[in-house]
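Worksheet: one structure, shown below.
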Number of protein chains: 2
Amino acid sequence: MTEDQLISILRDSGYKVTPQRLAICNYVLSSKEHPTVEQIHSEILEKNPTISLNTIYQTMDMLIDLGLVQEMRFSGSSSRFDPNTSVHANIICQNCSKIRDFESEGIRELWSRIVMEMNVEPLGQRLDVYVLCDECRK
Amino acid sequence: MTEDQLISILRDSGYKVTPQRLAICNYVLSSKEHPTVEQIHSEILEKNPTISLNTIYQTMDMLIDLGLVQEMRFSGSSSRFDPNTSVHANIICQNCSKIRDFESEGIRELWSRIVMEMNVEPLGQRLDVYVLCDECRK
DNA sequence: TTTACAAATCGTAATGATTACTAACTAGTA
DNA sequence: TACTAGTTAGTAATCATTACGATTTGTAAA
Ligand SMILES: [Mn+2]
Ligand SMILES: [Mn+2]
Ligand SMILES: [Zn+2]
Ligand SMILES: [Zn+2]
C-alpha cells in the first residue's frame with residue numbers, strides 16, 4: 001500500500017493523519033516480524049524520539065478497527081501484530097518465538113473447503129502451527 | 001479418559017494425585033466451554049470451597065505440560081483452556097465469545113495436506129475462525 | 001489566513017490477569 | 001509411623017494493557 005492510499009483510508013474513516021500514525025503504519029504494515037508494541041515503539045523512537053508507547057497502542061487499535069492488522073496474543077509474551085490479514089498460516093517456533101508466514105494457493109483453497117464444510121461466514125481466522133524452527137532444532 | 005487413566009498419567013509423570021487436581025482435571029478435561037480460570041475456579045468452589053485460584057493456574061500449567069490442554073489467549077479477556085488438542089477448528093463468536101469446536105475427517109485430511117505443503121513437523125496448532133454465531137446474528 | 005474545535009498525543013495513574021513467594025500441609029515411600 | 005519432596009492457599013508483586021486528563025494539532029469553516 002502506498003502512503004497516499006493509507007492517507008485516503010484514514011481520512012475516509014474519520015481518522016486524522018498525523019506524523020505519528022504515518023510512521024507507525026509505515027513500519028507495521030510493511031513488517032514481516034509480527035512485532036510487539038515494544039518493538040514498534042523502539043523502532044519508531046529512532047526517528048521520532050518523543051513518541052509515546054500509548055500512541056502505539058492506540059494506533060494499533062485503529063489499525064485493527066480498519067481491518068489492516070490482526071492482533072495475536074500468546075502466553076508468556078505480549079501481543080504481536082500481523083499486517084497480513086489474508087488466509088495464511090503462521091509457523092511459530094516454540095523455542096525462539098520467531099514467526100514465519102506461509103501463504104499459497106493451496107492453503108487458501110483447502111481452507112475455503114474447510115470453511116464450506118463448517119458452513120460459516122468467516123470474519124477472519126488465525127491459523128497457527130507450532131514447530132521448532134531450523135535453527136532451534138540444531 | 002477415565003479417572004484411573006488420568007491418575008496413571010499423573011503418577012507416571014511424577015505429579016502427585018491430590019483431590020484438587022482430580023477435581024480440576026475432571027471438570028476441565030470434560031468441558032466443552034473452553035473455560036477461563038475464573039470459570040473453572042467458581043465451578044470447583046462448589047464442592048471444594050477452599051480451593052485457591054492459584055491452584056487452578058498451577059494445575060493448568062501441569063495439564064499444558066502433560067499436553068492434555070491447550071491455552072488460548074485472546075484480546076479483551078483472560079486465557080481459555082481447550083482439552084481438545086487434536087486437529088480441529090475453534091469457531092469463535094466475535095460478539096459473545098462462545099467457542100464451538102469443529103472436528104471432521106475432512107478438516108484433519110485437509111490440514112495434513114497443508115502441513116505437508118509447509119514441510120514442517122507440527123508440535124501443535126491453533127485453528128480459529130471468527131464469526132457471528134447464530135444467536136448474535138439475529 | 002485565521003479561528004474553532006474535535007480528535008490525537010503524551011505522560012502518568014489505574015487496572016487486572018498472571019506469576020512469585022512462603023508457611024502450612026500432604027501424598028507417596030520406606 | 002515418620003520422613004520428605006511436592007503441593008496448596010493466601011497473599012504480594014509484576015507487568016502488559018487501559019484509562020485519564022492536560023496540552024497540542026489536524027481539519028474545515030469563516
Ligand atoms: Mn502472519
Ligand atoms: Mn477447541
Ligand atoms: Zn526457533
Ligand atoms: Zn455469539
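Each chain gets a letter, A, B and so on, in the order the sequences are listed, and its residues count up from 1.
Between B/S52 and the phosphate of D/dG10, there is no side-chain N or O to OP1/OP2 separation shorter than 4.0 Å. For the OP1/OP2 pair of C/dA27 and a distance below 4.0 Å, the side-chain nitrogens and oxygens of B/T18 include no atom meeting the criterion. OP1 or OP2 of C/dT9 sits under 4.0 Å from a side-chain N or O of A/R21. The side chain of B/Q20 places an N or O atom within less than 4.0 Å of a non-bridging phosphate oxygen (OP1 or OP2) of D/dA9. Under 4.0 angstrom from either OP1 or OP2 of D/dT17 there lies at least one side-chain N or O belonging to A/S79.
Distance CD (B/E38) to P (C/dG16): 12 Å, rounded to an integer number of Å. If you measure from atom CD1 of A/I56 to atom C1' of D/dT18, you get 15 Å, rounded to the nearest angstrom. In this structure, A/Y57 places its OH atom 17 Å from P of D/dC20, rounding to the nearest Å. Between the P atom of C/dT26 and the CZ atom of B/R11 lies a distance of 17 Å, rounded to the nearest Å. To the nearest angstrom, C1' of C/dT9 lies 17 Å from CE of A/M60. One atom, CD1 of A/I51, and another, P of D/dT24, lie 17 Å apart when rounded to the nearest Å. For the pair A/L22 CG and D/dT25 P, the interatomic distance rounds to 15 Å; values are reported in whole Å. Per the geometry, CG belonging to B/D61 stands 17 Å off P belonging to C/dA17, to the nearest Å.
Residue B/R73 has its side chain nearest to C/dT18 when only C/dA27, C/dC21, C/dT18 are considered.
With a 6.0 Å cutoff to the six-membered ring centre and a 45° limit on the axis angle, A/R126 counts as a cation-pi contact of A/F74.
Toward the 5′ end of DNA chain C lies the nearest nucleotide of A/Y15, the other residue of the pair A/Y15 and B/S78 mapping further downstream. Closest-nucleotide positions on DNA chain D for B/T50 and A/N54 were compared, and the one nearer the 5' end corresponds to B/T50.
Across all strands shown, B/P49 has no heavy atoms under 4.0 Å from either base or sugar-phosphate atoms. Residue A/Q58 is classed as a base contact, given a heavy-atom separation below 4.0 Å to a base.
With salt bridges taken as basic N to acidic carboxylate O contacts below 4.0 Å, one links B/E103 and B/R108.
Here the shortest heavy-atom pairing between B/V28 and B/I40 reads CG2-CD1, 3.6 Å. Considering all non-hydrogen atoms of both residues, B/V37 and B/L53 come closest at O-CD1, 4.1 Å.
Atom CG of A/D12 is surrounded by more than 12 heavy atoms from other residues, nucleotides or ligands within 6.0 Å.
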Report, one pair per line, the protein and nucleotides 3-6 of chain C atoms (nitrogen or oxygen only) whose separation is under 3.5 Å.
residue	atom	partner	partner atom	Å
C/dA6	N3	A/K16	NZ	3.2

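With no hydrogens or angles considered, no side-chain donor-acceptor pair links A/T55 and A/Q20 at under 3.5 Å. Using modelled atom types and a 3.5 Å distance limit, the side chains of B/E117 and A/S104 yield a donor-acceptor pair. For the 3.5 Å distance criterion, the side chains of A/E3 and A/N26 qualify, holding a donor opposite an acceptor.
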